[in-house]
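Just so we're on the same page: letters track the sequence lines, and every chain starts at 1.
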Protein chains: 2
Amino acid sequence: MENCSFSLDTAFHALADSTRRAVISRLMKGPAPVKELAEPFDMGLPAFLKHLRVLEESGLIATEKSGRVRTCRIRPKHLSEAETWLSEQRALWQAGADRLATYVENQMTEDDDE
Amino acid sequence: MENCSFSLDTAFHALADSTRRAVISRLMKGPAPVKELAEPFDMGLPAFLKHLRVLEESGLIATEKSGRVRTCRIRPKHLSEAETWLSEQRALWQAGADRLATYVENQMTEDDDE
DNA sequence: CTTATTGTTTGCCAAGTGGTGAACTGAATG
DNA sequence: CATTCAGTTCACCACTTGGCAAACAATAAG
């Protein structure tokens, strides 16, 4: 069970940073070593490794070291769990929208203006 | 334009807390005043108001005060923007999955075990 | 007017985050 | 063996977060 350490808290926290989201986007195109991942960013290796650690502990990525290079890859299953929470909430809202159609429509047009 | 202060950073950060996610869930069922929202949680009003402020600054909710009660409501459009980012990433991954079908399938089964 | 209700502000604190530079480990490479 | 290369660890720092208690509005109810 300690392997199943996935939580929405850590997943959303991991996504709440543009550096980490960029790493996710990059890894979507395929695995990569740490140095290649770190190159686009204007920060030292220690700082970047902290971001990688946050991503790994959130379960969104996995890493494996072979020789002197650590290769990182995405874990799409855990990313989709965060997506699932959001879409469930939207479904909940849509259910309520049927009940309160008129009211909610007013809120939405108000949102358009803001 | 200063009203259009939506960013994925603040949105995901707002979602990275179970109290705030519970508030979102509650508001999906309809607007509510602060006191009713705060009741389920074991924390003082000041602490809870900080959570509300995070949610409001993230654009996920809006609040309005009339008389002595502040009413909170959801802003579904901004919630769906976070969902959009996630589903776009998944789409990106699926595009790559076609190219690297065999490799990625190995990673997925490995994910099943972990 | 008096009092209870509903926020709101202020000051404070412990813990966490995001970065730095410097020193170090361990695997290639010449 | 000596050197570079990729990553890691460590100590440190400024800043933010998430909670508290207490004092302070401002409105509603009696």
What is the distance, to the nearest angstrom, from the CZ atom on Phe41(B) to the P atom on dG18(D)? 14 Å

Can you measure Lys50(A) atom NZ to dT16(D) atom C1' for me and round it to whole angstrom units? 14 Å

Between Phe12(A) and Trp85(A), how do the two ring planes meet: parallel, tilted or perpendicular, split at 30° and 60°? perpendicular

Would you mind telling me which residue lines up with the more 5' stretch of DNA chain C, His13(A) or Gly44(A), judged by nearest nucleotide? His13(A)

Do Thr10(A) and Ser7(A) pass the side chain to side chain donor-acceptor pair (under 3.5 Å) test, and can you show the C-alpha distance, the side-chain angles, and the key distance before you say yes or no? CA-CA 6 Å; Thr10(A) 55; Ser7(A) 81; 3.0 Å; yes

Nearest-Å distance, CG (Leu49(B)) to C1' (dA25(D))? 14 Å

Can you see if the side chain of Arg53(A) gets near the phosphate of dT8(D) - specifically, an N or O under 4.0 Å from OP1 or OP2? no

Please determine, for the side chain of Arg70(B), which listed nucleotide (dA21(D), dG18(D), dG7(C)) has the closest atom? dG7(C)

Between dT9(C) (C1') and Phe48(B) (CZ): distance, integer Å: 18 Å

Among the nucleotides dT8(C), dG19(C), dG7(D), whichever has the atom closest to the side chain of Leu45(B) is dT8(C)

For the atom pair CG (Leu37(A)) and SG (Cys72(A)), what is the distance rounded to the nearest 0.5 Å? 5.0 Å

Kindly say whether, by distance alone, the side chain of Lys65(A) makes a donor-acceptor pair under 3.5 Å with the base of dG7(D)? no

Rounded to whole Å, CG of Asp42(A) lies from P of dG18(C) at a distance of 17 Å

Nearest to side-chain heavy atoms of Val34(A), which nucleotide of dG7(D), dT10(C), dA22(C): dG7(D)

Contact class for Lys35(A) (heavy atom, under 4.0 Å): base, sugar-phosphate, or nothing? sugar-phosphate

Please give me the minimum heavy-atom distance between Ser18(A) and Asp9(B), naming the atom from each residue. N-OD1, 3.5 Å

Nearest-nucleotide wise, let me know which of Arg20(A) and Arg68(A) is further upstream toward the 5' end of DNA chain C. Arg20(A)

Which nucleotide wins on minimum distance to the side chain of Pro46(B), given the candidates dG19(C), dA22(C), dA22(D)? dA22(D)

Can you tell me how far P of dG19(C) sits from CG of Asp17(A), to the nearest Å? 7 Å

Do Glu56(B) and Thr63(B) have a side chain donor and acceptor closer than 3.5 Å? yes

Please report the distance, rounded to the nearest Å, between CE in Met43(A) and C1' in dG7(D). 16 Å

Please give, in whole Å, the distance from dT8(C) C1' to Glu56(B) CD? 14 Å

Is there a side-chain polar atom (N or O) of His51(B) under 4.0 Å from OP1 or OP2 of dT17(D)? no

